[in-house]
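The block underneath contains the structure these notes are about, expressed in structure tokens.
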Amino acid sequence: MADLDNGYQRLKQEFHALSEVAKTLASPLELPALLDAVLRRIVDVVPQADVGTVMLWNQSAGLFRPEAAFGLDMTAMKQMGLRAGESITGKVYDAGRARLLCTAEEVAEAMADMRLFNREVFARSIRSEDMPRAVLATPISTGEKKYGVLVLETLTAKEAFAERDLPFIQALADLIALAIDREYLEAQLGTLRDARRSEYLRAEIMAILSHELRIPLSAIKGYSTALQLDEVDWTQEKQQEFLHLIEDECDSMQVMLTEILDSSLIEVEQLNLQREPIRLHQIAGDVAHEAQRRTDKHHVVVDLPADFPIVEADRRWIRQVFRNILENAVRYSPEGGLIVIRGESRSTDVVISIADEGIGISPEDQIPIFEKYFRVRAASGYHVGGTGLGLPVARAIVEAHGGRIWIDSKLGEGSTVFFSLPKARVVPEGTQPVPDAAPQPVMDNS
Ligand code: ADP
């Protein structure tokens with residue numbers, strides 16, 4: 001009668017523990033917290049378990065690693081790494097069957113091949129040199145998928161585990177396997193969702209870029225078709241005008257393609273800076289000339305002091321920063337106006353500014369201006385072609401040099417883009433600033 005009572009009590013405990021575990025598993029906890037909560041239930045039903053560990057097979061490490069535990073020092077235990085087949089964990093995983101070791105001798109024999117390092121880790125984590133007196137280990141697996149082993153150990157002299165403990169512990173291990181399965185599935189689903197989202201974004205970006213590239217291309221096609229029309233006798237002047245327009249559209253396509261290419265180089269971190277001491281006058285002057293050649297509505301001015309400090313930077317990439325900013329200054333001031341490149345020397349860096357008198361940007365649009373693919377929605381319906389990559393590329397380049405980039409703009413009045421670059425620490429002979437050099441003149445319209 002007493003036995004029956006005990007059996008009934010035990011079944012009640014097991015049922016209660018399993019339903020509690022099932023509830024925990026339905027909660028949105030992360031896997032380690034979930035396993036901790038599950039392990040804590042074990043002692044209610046199997047008080048012989050002084051120590052419990054969930055050992056999971058880590059494919060990339062080629063080792064079983066502890067994922068959760070109770071009754072031992074987890075910081076020490078974290079260093080444990082069992083190879084395939086090693087100790088009780090390795091053997092139970094391979095056999096795919098639970099194992100009950102009821103005597104210290106049986107335990108010692110099954111643990112005999114445990115490597116010295118792991119033995120020491122184990123001793124530190126249970127704070128004793130003594131081996132366990134009894135062990136109950138069950139595989140954690142669902143159908144075909146094997147995840148690891150749940151190991152329970154008795155350290156003190158008390159009643160060992162018994163056969164009747166097996167079904168309960170196996171049920172727990174099965175629930176643990178389900179939790180791991182869910183975690184893995186969710187991770188896979190997350191990766192799939194991320195891949196879908198980036199695929200979708202890529203497609204959308206490709207559509208925008210293709211659309212932007214098609215605008216100048218259609219214009220080129222239109223002008224060249226017009227020039228070849230037999231029925232129309234274009235004047236010399238008109239032909240020149242069409243050829244100029246074709247050239248402009250080709251330039252604008254070239255700018256876009258350079259930005260797309262630079263942006264993909266930066267994406268894969270191929271910036272690979274070739275730093276050398278450079279004088280920014282020359283780069284600013286060249287780029288200003290380039291820009292001036294393409295417009296007669298704007299007046300591009302370089303106003304850098306002759307003794308402006310030398311910076312240590314990559315010539316090719318800094319030229320691109322000037323180009324991207326200056327290009328915008330021209331494109332976003334459709335009425336023309338003055339564009340001025342200035343420089344300020346501070347204690348450890350220099351600040352270059354490029355100011356225009358164009359359409360300007362509203363304060364809310366200034367925040368994401370350096371983000372990739374961001375383009376201000378034109379309220380006026382006036383379309384300026386672009387990729388939304390010029391400023392992000394400039395930012396990546398400036399930041400790779402240890403500088404910063406920012407914008408100050410007023411809607412309807414114009415914008416000034418600033419960027420800083422650290423000064424060169426040692427200025428080599430022959431590259432000293434030239435104090436008596438004439439200030440750069442206003443560029444000619446030619
Ligand atoms: P893109 O010019 O190719 O669109 P950018 O990254 O160079 O890409 O610029 C992002 C957006 O910032 C532009 O679409 C434009 O709306 C705005 N912008 C950039 N520079 C200026 C400027 N100087 N004046 C007004 N708006 C600007």
Side-chain angles (χ1 to χ4, degrees), residues 204-217 219 248-267 284 287-288 290-292 294-295 297-301 317-342 351-400 404-419:
E204 198 176 32
I205 288 161
M206 287 308 286
I208 295 169
L209 294 184
S210 320
H211 173 74
E212 288 300 328
L213 284 170
R214 205 176 299 135
I215 295 171
L217 198 61
D248 285 352
E249 299 296 352
C250 285
D251 286 344
S252 119
M253 279 187 83
Q254 203 163 13
V255 168
M256 288 194 221
L257 288 169
T258 308
E259 283 174 1
I260 295 170
L261 194 66
D262 284 352
S263 151
S264 60
L265 282 182
I266 285 163
E267 191 106 305
V287 178
E290 260 174 41
Q292 188 67 80
R294 295 210 295 270
T295 171
K297 280 199 274 183
H298 302 81
H299 213 61
V300 188
V301 178
W317 285 115
I318 292 300
R319 185 183 291 271
Q320 199 56 47
V321 173
F322 272 99
R323 269 205 192 114
N324 292 6
I325 301 173
L326 206 56
E327 195 65 43
N328 286 347
V330 173
R331 286 187 305 141
Y332 298 107
S333 40
E335 306 296 325
L338 198 61
I339 296 174
V340 191
I341 304 178
R342 293 196 179 86
V351 177
I352 298 289
S353 64
I354 299 175
D356 65 58
E357 300 176 324
I359 57 175
I361 309 165
S362 67
E364 62 273 20
D365 282 334
Q366 285 175 39
I367 300 165
I369 205 92
F370 294 98
E371 297 300 327
K372 267 179 146 188
Y373 307 110
F374 176 81
R375 308 203 65 223
V376 176
R377 227 173 266 278
S380 58
Y382 169 81
H383 181 84
V384 179
T387 57
L389 290 172
L391 290 180
V393 165
R395 177 171 87 170
I397 298 171
V398 168
E399 287 180 353
R404 274 194 336 110
I405 186 165
W406 64 102
I407 191 163
D408 185 10
S409 181
K410 255 206 182 121
L411 203 57
E413 290 185 20
S415 311
T416 307
V417 178
F418 300 84
F419 65 94

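Atoms within a ligand are numbered from 1 in the order they appear, just like the ligands themselves.
- A donor-acceptor distance shorter than 3.5 angstrom exists from the side chain of Arg375 to the backbone of Val384, with no hydrogens or angles considered.
- Between the side chain of Glu327 and the backbone N or O of Val330, no donor-acceptor pair lies under 3.5 Å.
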Name each donor-acceptor pair under 3.5 Å that joins a side chain in residues 411-418 to protein atoms two or more places apart or in another chain, with its distance.
| residue | atom | partner | partner atom | Å |
| --- | --- | --- | --- | --- |
| Ser415 | OG | Ser409 | OG | 2.8 |

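- In this view, Phe370 satisfies the ring-ring contact (aromatic ring centres under 6.0 Å, His included) rule with no residue, not counting sequence neighbours.
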N/O contact list for ligand 1, threshold under 3.5 Å:
| residue | atom | partner | partner atom | Å |
| --- | --- | --- | --- | --- |
| ligand 1 | 2 (O) | Asn328 | OD1 | 3.3 |
| ligand 1 | 2 (O) | Arg331 | NH2 | 2.7 |
| ligand 1 | 2 (O) | Tyr332 | OH | 2.7 |
| ligand 1 | 3 (O) | Thr387 | N | 2.8 |
| ligand 1 | 3 (O) | Gly388 | N | 3.1 |
| ligand 1 | 4 (O) | Tyr332 | OH | 3.3 |
| ligand 1 | 4 (O) | Arg375 | NE | 2.4 |
| ligand 1 | 4 (O) | Arg375 | NH2 | 3.1 |
| ligand 1 | 4 (O) | Gly388 | N | 3.2 |
| ligand 1 | 6 (O) | Gly390 | N | 3.3 |
| ligand 1 | 6 (O) | Leu391 | N | 2.9 |
| ligand 1 | 7 (O) | Asn328 | OD1 | 3.3 |
| ligand 1 | 7 (O) | Asn328 | ND2 | 2.8 |
| ligand 1 | 7 (O) | Leu391 | N | 3.3 |
| ligand 1 | 8 (O) | Gly388 | N | 3.2 |
| ligand 1 | 14 (O) | Tyr332 | OH | 3.2 |
| ligand 1 | 14 (O) | Arg375 | NE | 3.4 |
| ligand 1 | 16 (O) | Val376 | N | 3.2 |
| ligand 1 | 20 (N) | Asn328 | ND2 | 3.4 |
| ligand 1 | 23 (N) | Asp356 | OD2 | 2.9 |
| ligand 1 | 24 (N) | Ser415 | OG | 3.2 |

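- Scored by the side-chain hydrogen bond (donor to acceptor under 3.5 Å, both in side chains) test, Asp356 finds no partners at all (sequence neighbours excluded).
- The backbone N or O of Pro334 lies less than 3.5 Å from a partner atom in the side chain of Lys297, making a donor-acceptor pair.
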